Amino acid sequence: MSSPIQLQPDETFVLNVGPQHPATHGVLRVKMEMHGEYIVNSETVIGYIHRMHEKMGENKTYPQFLMNLSRMDYLGALGYSHGHVLVVEKASGIEVPKRAEYIRAIMVELNRISSHLFWFGAFVMDLGGFSPLMYALQDREHILDMLEAVTGSRLTYCYFRFGGLYNDIDDDFIDAARRFIPRMRKSLIKYEKLVTGNIIFRKRLEGNAFLSKETCRKYGASSAVARGSGINFDVRKNEPYSVYPEFDFDVPVYHECDSLARYMVRMDEIEQSLRIIEQGLDKLPDGPIMPAKKPKLIKPPAGDYYQAVETARGSFGVRLVSDGTKTPYRLKLRSPTFSNMHLFDETCRGMMIMDALAFMGSLDLVIPEIDR
Amino acid sequence: MVTYFSDIYNGLISLFIGMGVTFKEFFKPTVTVQYPYETLTMTDKYRGHVELIENDEGKPNCVVCGLCARACPSGCITLAGEKPEGAKKKALTKYVLDFTRCSLCGSCVESCNFNALEFSKEYNLASTRKEDFIFDLLQRLEERNK
Amino acid sequence: MSLTLLNVIIAVVIAIAFAALNAAYLVWAERRGAARIQRRPGPNINGPFGLLQPPLDGIKLMAKQLIIPGGVDKILFIAAPVLAMFPAIMSFVTIPFSDTIVAQNMDVGVLMIFAFASMGGMSLLFAGWSSRNKYAMMSSIRAVSQAVAYEIPMLITTITVVMIAGSMNLTEIVQQQSASILHWNIFPLLGNSHNLLMPFSFLIFFICTLAETNRAPFDLGEAESELVAGFHTEYGSMGFGLFFMGEYANIVIGSCMTTILFLGGWSCPFGLFPGVWWFLLKLYLLIATFIWIRWTFPRTTIYGLLNLSWKILIPLSLFNLLFTAGLIKVF
Amino acid sequence: MIIEKTKLAFQNMFPTPESELSVSEEVTEEAEKTETDKKAKPEKTPRLDGVIECDYAVHGYHLDVQVDAEQLLVAVNVVDQEEFFIESITGVDWIKEGQIEIVYDFSRYDFDTCRVVIRTRVDRKNPVVPTITGIYAGANWHERETHDFFGIKFDGHPHLIPLLLPEDADFHPLLKDFKA
């Protein structure tokens with residue numbers, strides 16, 4: 001629980017980390033009450049790039065809101081779109097062709113890898129290593145090129161449609177994806193050598209920021225933050241949606257509860273995503289990518305619908321309250337980083353500033369996604 | 001005592017392995033594109049801003065149904081048309097795209113039933129003036145035809 | 001008398017020019033090197049291979065306004081960047097680039113260089129303290145504890161070398177190693193010590209040099225992901241430029257010292273054509289290693305840094321000192 | 001099964017026999033229809049407090065609990081006992097009925113899946129509910145966000161200042177009568 005920070009006359013001082021600070025990856029601000037290098041108390045201030053997506057959702061029709069989702073999280077945009085299209089399809093009873101479902105899963109996993117790669121680079125950069133960022137970006141570039149060739153944009157894809165997809169994938173994409181998988185595996189070995197095994201890196205992260213299961217539960221943490229604390233929770237497995245039950249993949253869980261565990265979870269997830277892509281490409285059925293009969297105007301029946309999906313950053317939920325009109329009555333976007341970030345204030349107490357910032361990096365923050 | 005020395009040993013080894021990785025990378029070719037001097041061509045499906053498609057006579061395919069303007073989430077399309085004497089279809093007189101608000105979602109192209117809109121492959125769109133991004137597509141079409 | 005004065009002036013001018021040129025072109029080398037490691041081309045627009053980049057950067061820095069923020073301690077604020085550059089230049093005076101190229105050969109050369117090296121820490125302290133910025137303040141406190149922690153193992157290792165050489169004169173230390181590669185203090189099989197632990201001493205000295213010059217992975221003073229820019233957060237223009245040059249000049253000094261103390265200075269590994277070129281070759285190879293290390297490793301923590309010094313480097317270097325003393329007594 | 005267990009725990013909260021209050025649903029088409037029909041005209045038949053087991057395939061949650069604002073803490077305690085984690089808190093402005101609904105989502109870190117939605121409705125003019133930050137520390141930001149967007153006052157909240165909106169914001173954008 002954060003409490004307001006009052007200026008102490010002496011002994012402690014307030015350090016204002018952000019809104020523009022190299023470690024906060026965006027416009028996040030943390031007011032830290034410091035005792036030397038130690039954090040006595042901290043209060044996170046968010047909302048600097050709040051755009052009120054939820055109100056936009058109420059004002060726009062369902063298809064018009066599609067592109068907003070990718071603006072929420074610019075690194076793992078497709079995961080968020082997936083949640084949104086799934087809830088609307090569920091509400092209005094649109095059947096999605098199998099091929100579209102498979103392509104969605106492949107795309108989301110590719111996007112997840114690209115997001116994790118970026119996180120990996122940025123995280124190591126937080127710890128002072130620059131070159132891994134560039135290597136990660138090189139690998140990410142291959143993914144972005146593949147996605148661009150199919151979706152038409154590199155970052156804020158507006159690719160999923162209610163009932164299907166905007167574009168079908170072609171053989172070029174399949175070839176590129178097949179070539180990408182072994183290359184990525186090779187890169188993972190490189191990262192393992194360069195970063196994971198590095199003694200400086202390990203010493204910094206081992207035992208850094210202990211997060212108990214109970215803390216995770218009370219704050220609703222998900223993604224690697226929860227899985228690094230020994231919680232076997234992945235929406236793809238716990239509440240299977242789309243075609244995920246048809247894939248054989250593991251959920252990496254580490255029980256050390258420290259930043260290294262969170263790091264390891266994400267790195268292992270890249271491998272699992274590669275497995276999903278591999279299987280998806282093998283199993284990819286032929287067929288249409290849009291349903292044969294799709295309602296001209298999307299008007300879900302009145303009611304309350306919820307859909308959670310596992311995005312790169314954790315469990316993303318969309319609550320759709322429909323009143324039967326062509327615009328949602330209420331569209332709540334539950335962003336995973338919002339909950340993950342909330343942990344920070346409580347956990348960083350008593351830590352040194354450099355450890356706290358390493359911990360902040362391990363949370364995988366994307367500020368527009370917190371602020372929505 | 002043993003762990004003390006094995007820690008130091010393993011640590012040093014890990015550092016040398018890391019340096020080996022960067023050493024190998026040092027001799028690999030560069031992968032970047034020198035942007036202003038080299039440029040990439042966009043893929044077929046690249047979504048730039050929209051352009052009008054012309055028919056054989058060099059006139060736009062557009063029939064001024066206004067579906068694109070209605071589909072646009074940000075309201076960046078304004079179009080007008082009039083029906084010339086004796087013609088069956090409406091002719092486009094004005095088509096303005098406010099690119100400052102466009103989010104390149106492609107709803108307009110998707111909503112078009114008359115094959116009148118396409119994505120341009122243009123991506124070098126830097127300017128210091130806001131007015132430069134209010135595109136008169138009809139005018140652009142004429143300029144293209146010249 | 002006037003001749004010696006002239007000598008000194010020439011020496012100082014050459015030292016300043018050498019330091020400044022080195023600083024400028026090491027920045028270029030670092031940027032190119034980092035770019036190669038990251039598979040980018042690096043600065044390549046201005047001049048061939050981007051070689052005009054450093055002078056242009058210098059002009060840009062000098063053309064900028066020197067901002068002195070309100071409420072700073074003006075004297076210290078202005079003194080700090082000068083103090084960062086000055087000791088490094090002074091140290092060049094006694095460094096022997098070859099048996100003839102040395103401005104002032106001193107009997108206590110080692111002492112003088114360490115005396116000036118300690119002043120580097122002071123400039124960081126001044127800069128951090130006077131800037132009236134919390135980040136700079138924290139950075140300078142870190143820098144001081146770092147300097148204290150790493151001077152000890154560095155000095156102990158140097159004492160080991162001085163014991164072997166029996167002299168604090170840098171020229172003499174080199175001359176003792178000049179016979180062949182096996183006489184170098186790093187592989188002292190044929191020298192007068194026969195100490196097989198010297199490679200570790202070299203490593204300790206090298207690590208301490210990294211830490212003393214505030215280079216990655218020990219760049220805690222300017223840990224940009226935590227402390228924005230550390231002690232030079234508030235400096236712009238040439239104030240920043242001087243800190244930057246000071247950093248590179250310090251690297252050159254540190255590498256010079258490593259070369260002289262461990263790698264046989266200007267002597268050739270095979271005893272052929274000893275001369276300044278061998279010194280420069282060794283020097284720049286060491287600096288390249290500095291750059292290589294910086295672009296490979298993440299940063300340590302402040303406690304990891306202190307632990308490394310107090311728990312590993314100091315005990316090991318002390319042990320090595322005792323061991324060497326024993327060997328010298330025996331042989 | 002956790003669903004039954006939680007449902008039972010919720011039913012104990014409500015004194016009247018559960019058969020009258022809760023509508024247990026079968027996974028059939030008709031049941032879905034009646035459910036959605038019932039929701040389509042909430043103004044005609046305001047829902048009574050109680051627990052409903054919902055069809056997960058349609059709504060995405062298993063238990064739908066409506067409680068009084070006074071009973072909220074008891075209900076949240078129930079989910080806390082069963083080791084649920086907090087997913088989100090949000091509001092819905094039912095302007096026609098003059099009420100604001102506060103919706104709490106809970107789920108579990110378990111393969112025995114159970115998503116619980118706890119709803120409470122308060123008067124639109126004076127929306128006050130007790131805070132649950134005492135039970136779930138992570139509710140802090142969610143409640144502040146809901147306070148920002150709907151102006152709901154969370155009684156006993158330790159630090160109820162705007163979170164996402166500017167600190168001097170005196171408007172609540174997600175209210176239906178808000179015009180920018």
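Model, not experiment: these values are computed from the prediction. Protein chains get the first letters and strands the later ones, always in sequence-line order, with residue 1 at the start of each.
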Peer 1: Hey, could you give me the CG/CG distance between N167(A) and D44(B), rounded to the nearest 0.5 Å?
Peer 2: 10.5 Å
Peer 1: Going by the side chain to side chain contact (heavy atoms under 4.5 Å, CB included) test, name the single residue among I199(A), L194(A), T196(A) that passes it with S14(B).
Peer 2: I199(A)
Peer 1: Quick check on S70(A) against chain B: is it the side chain, the backbone, both or neither that has a heavy atom closer than 4.5 Å?
Peer 2: neither
Peer 1: Counting only heavy atoms closer than 4.5 Å, note whether M42(B) contacts chain A via side chain, backbone, both or neither.
Peer 2: side chain
Peer 1: How long is the gap from OG1 on T43(B) to CE on M146(A), to the nearest 0.5 Å?
Peer 2: 13.0 Å
Peer 1: Please state whether the side chain, the backbone, both or neither of K60(A) comes within less than 4.5 Å of a heavy atom of chain B.
Peer 2: side chain
Peer 1: Could you tell me if the side chain of D7(B) sits less than 4.5 Å from the side chain of K203(A), heavy atoms only?
Peer 2: yes
Peer 1: Mind checking the SG-CD spacing from C72(B) to Q64(A)? Nearest 0.5 Å is all I need.
Peer 2: 7.5 Å
Peer 1: Just wondering, more than 12 heavy atoms not from K28(B) lying within 6.0 Å of its NZ?
Peer 2: yes
Peer 1: With only heavy atoms counted, which part of N198(A) is less than 4.5 Å from chain B, the side chain, the backbone, both or neither?
Peer 2: both
Peer 1: Could you grab the distance from atom CE of M134(A) to atom CD of E25(B), nearest 0.5 Å is fine?
Peer 2: 13.0 Å
Peer 1: Using 0.5 Å steps for rounding, measure from the NZ atom of K45(B) to the CD1 atom of I169(A).
Peer 2: 9.0 Å
Peer 1: Please classify the contact of R71(A) with chain B as side chain, backbone, both or neither, using a heavy-atom distance under 4.5 Å.
Peer 2: side chain
Peer 1: Where on R161(A) is there a heavy atom nearer than 4.5 Å to chain B: the side chain, the backbone, both, or neither?
Peer 2: side chain
Peer 1: As an exercise: rank G106(B), G20(B), S107(B), A71(B) by heavy-atom pairs under 4.5 Å with chain A and give me the winner.
Peer 2: A71(B)
Peer 1: Sort out for me which of L40(B), L15(B), T32(B) touches chain A most, counting heavy-atom pairs under 4.5 Å.
Peer 2: L15(B)
Peer 1: What part of S74(B) gets within 4.5 angstrom of chain A, counting heavy atoms only: side chain, backbone, both, or neither?
Peer 2: side chain
Peer 1: With a 4.5 angstrom heavy-atom cut-off, is it the side chain or the backbone of E148(A) that approaches chain B, or both, or neither?
Peer 2: both
Peer 1: Please flag which part of V150(A) lies under 4.5 Å from any non-hydrogen atom of chain B: side chain, backbone, both or neither.
Peer 2: backbone
Peer 1: So how far is it from T156(A) OG1 to R47(B) CZ, rounded to the nearest 0.5 Å?
Peer 2: 7.5 Å
Peer 1: Heavy-atom cut-off 4.5 Å, strictly under: side chain, backbone, both or neither for F65(A) against chain B?
Peer 2: neither
